[in-house]
Each structure stands twice: as structure tokens, then as C-alpha cells.
Novice: 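My questions will all concern the structure given below.
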Amino acid sequence: MANSVIDQSTLISLEKVERWYGAFHALKAIDLSVRKGEKIVLCGPSGSGKSTLIRCINALETIQDGSITVEGQLLDGSSKAVDAIRREVGMVFQSFNLFPHMTVLQNCALAPMRVRGTSRADAEKLARKYLERVRILDQAEKYPAQLSGGQQQRVAIARALCMEPKVMLFDEPTSALDPEMVKEVLDTMISLARDGMTMICVTHEMGFARQVADRVIFMASGEIIEEAEPEIFFKSPKHERTKTFLGEILAHH
Amino acid sequence: MGPVGANEFLFLLQGLKWTALLAVIGFIGGGIFGMLIALIRSSRNAAARTASAAYIALFQGTPLLMQLFVVYYGVALIGIDVSAWLAVAIAFTLHASAFLGEIWRGSIEAVPKGQAEAANALGLHYVSRMKDVILPQALKISMPATIGFLVQLIKGTSLAAIVGFIELARAGQIISNQTYRPLLVFGIVGVIYFIICWPLSHFGTGLEKRMAKAAR
């Protein structure tokens, strides 16, 4: 792999990334390169390291060895690098993590005001734009707890978009949702993908993977076992563990 | 036995004034330093965490009465002449900051971890993360305990009598000694304490309910 020469269009590059939790080896020499506009679906059994992997990209987890570069900015442990990377990387969590004491609008306007120094009026304009984008502008004055799970997750997506990130990380965004709300969130993600957003999604929604992903990556025990275009990945997985996993996942869906 | 009339009652109210003032000073001073203690206690710096834990342990593990003595006589010992007022204000501030610091530390840690993570992921820095995201939620969680402590503090001001303060309880004792009607006088004193403390507790409950509704 030509890892040393970073392609012009390479947005994220991970090289030999290592992460332990005590004696538990969570990430083992992970190499991953994400091009601008690429949509990646990360899947694998629980505890396989997929969430840890994307949480390393925006420095919610620290790595113990290897390197992570986002848009040419090396994550070197300095707070300056962390700031720079978090400005470019948006994240959506499994449990939404909206701020419960703020209205939907305030949730979205906070970071532009505090991080970018945008005026309140402009931040709220921005917030309304992205709330419209996820089709939930009519709920702008409500508190998160007054919304359904699906609505909350769409607000969380809008909140991340308000920082106008270059990459969006999704950490099992539909796993905490009731089945009937999964679609509205996936539809939002699909439309985001169509607009050319670079996305890394940890998800078990294989329908979404087929429809949107440029690459599906299968992880197990902290390693990338297999990666391929969705067509190939689902039709003819090479590794035994991938086959077993797909068998289990597809039986449930 | 003497009568308990308007003059005696006025004297009690004079005492009440000092009680209220002491509680306010303790609560404001303790609130400011207590917030500092809580932030240090939940910071990443291990040495600072240990130091603030020791501070809390010291003031939670000794009687308020002893803290008053130590500040009042101790500060004089090292040659600084402090008024009783200043000494008592310092003692109550130290005392309240340790308790409020511990209450608020617990509340900060009770805010779900996902909140700080979301704030971090959005690029919010420490000040904004605390001021905008964590503390509003933590203070809401702490409300019953904070108000409970304030009520304790108001009642605790009676100990200031020991260094010469004529606050409500001491005023009651003086009137009682003059009139030989301890039951009546301390009954009145008790009612006055209750009139202050009960609405406060009630207010705390109401506040909690209102905030819970906003978050629902």
C-alpha cells in the first residue's frame, strides 16, 4: 500500500493504529484510508473494535501507537491538532446525546457560536437550515425529551452538520431506535450520502450498506478481516468469520 | 416570670437578621469556592484531585463548632487581628465550600458521560463544555441536596453564638434567661427557623419539578 504518499483526495488515513484497554487489545495495527466523498460501512460483532476505531478518529479515544491524519492534520496529541480535527469531523452517537436542557434550536446553534464564534443570529440561521435539511424544523423550539427517538437522532445529525464537517462518523445511529423509526434516520443518512458527504458508519443495517456504501469493512477481535464493495462483500465473502457474521445478521433482518 | 412582648420579639428579630446574613455569606462564599472545589475534584489533574479530596475530608470530618474555634482563635494566634465577623465568614465559607464542593462533584459525575463526549465531538472547549452543557445539568441534579445543605447551614449559624454572635438562637437564650419562659421563647425561635427553612425546602422541590418538566 502506498501509505506514505497521501493521495490528494485522501481525507482520513490511519496507519498501524494500536489501542489497548489494559490487557485487552482493542485495535490491532489498523490501516485505513478514506477518500473524499467515500462512504464506508463498518460492521462486525460487538467488541470487535469498530466503535473504538471511529472514536479514535475524532480523539474521543487516544491511540497508543500508529498515526491518524485527517485532512493533512496529524493527530499528534496536541490540543491544537484535536481542535483542528474536531472542526472537520462530525459525530452521531447511538444514544443521540442531545443536550436535554436546551431546545432543539439551541442544541444546534451552540457549537457554531462557541467554536466558530458565529453570532447568535447567524448560528440560529445555520441551525434552521440544517434542521430543515433533516426535515425537523417544525420541532425547533421543543426540548429533546419531547421528541421521538428518530426525531432526536435527526436533530443530532443536524447538530453535527451545523459545524459543516468534511466527514461524518456514525456510531450505531439506529441501534437504540424502535424499528419503525429506523427508516427515517437511514433516509436522512442516505440523502446526506447522495449530497457527497464523506461518511464512516458503524451499523448493522445491511440494506443501508448495500444502497450507500462504497466499501464495507468487516472487523473482528480488533482487526480488519475483510473489506470489499458491498456487491462482492455480500455475495462472496472470503473469510469464514465474515460468512458466519453475515449469516447471523441476515437471519435477523 | 417576665412578659414576652414586642421588645423581646424585636430583639429576636435582630438576632434573626444576623442569622440570615451569616447564612447568605456562607452560601455565597461557599458557593463560589465550592464550585471551584467541585471543578478541581472532577478535573484530570490527579494531584489537584487528591488535594481537593483532602480539603473536603478535613471539613466534613470535623465539627463546624471546632472549625469556628480554629479560625477565630487560630487566625488571632498568628498575629492577624480579625474581627469576629470576618472569622465567622471565613469559617462558614470554608465549611460550606467543602460540602457544596462534594455535592456538586457528585452531580457533575452523575451527568451521563455521553454529554461530555457530544460536547467534545462538537469541539467545545472546557469552559463551554462545563458552563453550557455539564453544569446546568449537574446543578439540576444537585438541587435537592444543595437546598438541603442550605437549610442545614441556616440552622448551623446558631453555632456562631460561641464566638460572641447574638444571632437568633443566642438571642432566644438571652430572652429566655430574662423572662424565665424557655418553652415559650424557644417555641417562638423554633417557629422562626421553621418559617425560613420550610419555604426554602418547598421552593427546592418546586424548582426540581419545574426543571424536570422542562427536560421531559
Novice: Could you tell me whether B:F33 atom CZ has more than 12 heavy atoms of other residues or ligands within 6.0 Å of it?
Specialist: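 Incorrect, the count does not exceed 12.
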Novice: What residues of residues 151-163 of chain A sit under 4.5 Å from chain B when you count only heavy atoms?
Specialist: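 The residues closer than 4.5 Å to chain B, in numerical order, are A:R159, A:A160, A:M163.
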Novice: Is the number of heavy atoms from other residues, nucleotides or ligands within 6.0 Å of CZ (B:F9) greater than 12?
Specialist: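 Atom CZ in B:F9 is not crowded, with 12 or fewer foreign heavy atoms closer than 6.0 Å.
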Novice: Identify whether the distance between the nearest side-chain nitrogen and carboxylate oxygen of A:K50 and A:E172 falls below 4.0 Å.
Specialist: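 So A:K50 pairs with A:E172 through a salt bridge.
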Novice: Does B:E117 pair with A:R55 as a salt bridge, N-O distance under 4.0 Å?
Specialist: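 Result for this pair is yes, salt bridge flagged.
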Novice: Tell me, for A:L98 versus chain B, whether the close heavy atoms (under 4.5 Å) come from the side chain, the backbone, both or neither.
Specialist: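 A:L98 touches chain B through backbone heavy atoms alone.
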Novice: Can a side-chain donor-acceptor contact be found between B:Q137 and B:Q115 if the only test is distance below 3.5 angstrom?
Specialist: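 Judged by distance alone, the side chains do pair up.
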Novice: Which residues, numbered in order, of residues 106-134 of chain A come under 4.5 angstrom of chain B by heavy-atom distance?
Specialist: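 Those residues of residues 106-134 of chain A which have a heavy atom under 4.5 Å from chain B are A:L110, A:A111, A:R114, A:V115.
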Novice: Scan side-chain atoms only and decide if B:S43 and B:N45 contain a donor-acceptor pair under the 3.5 Å cut-off.
Specialist: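 There is no such pair (donor and acceptor under 3.5 Å, judged by atom type) between the side chains of B:S43 and B:N45.
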Novice: Under a 3.5 Å cutoff, is there a donor and acceptor pairing between the side chains of A:Q139 and A:K142?
Specialist: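 Indeed, the side chains of A:Q139 and A:K142 share at least one donor-acceptor pair under 3.5 Å.
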Novice: Please classify the contact of A:F93 with chain B as side chain, backbone, both or neither, using a heavy-atom distance under 4.5 Å.
Specialist: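 For A:F93, the side chain is the part near chain B, not the backbone.
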Novice: Any side-chain donor-acceptor pair under 3.5 Å between B:Y55 and B:S97?
Specialist: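 On atom types as modelled, these side chains qualify, holding a pair under 3.5 Å.
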Novice: Looking only at heavy atoms, which two atoms of A:C201 and A:F208 are closest? And how far apart?
Specialist: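 That would be SG-CE2, 3.8 Å.
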Novice: Report the relative orientation of the aromatic rings in B:F92 and B:H95; use parallel for angles under 30°, tilted for 30 to 60°, perpendicular for over 60°.
Specialist: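 B:F92 and B:H95: perpendicular rings.
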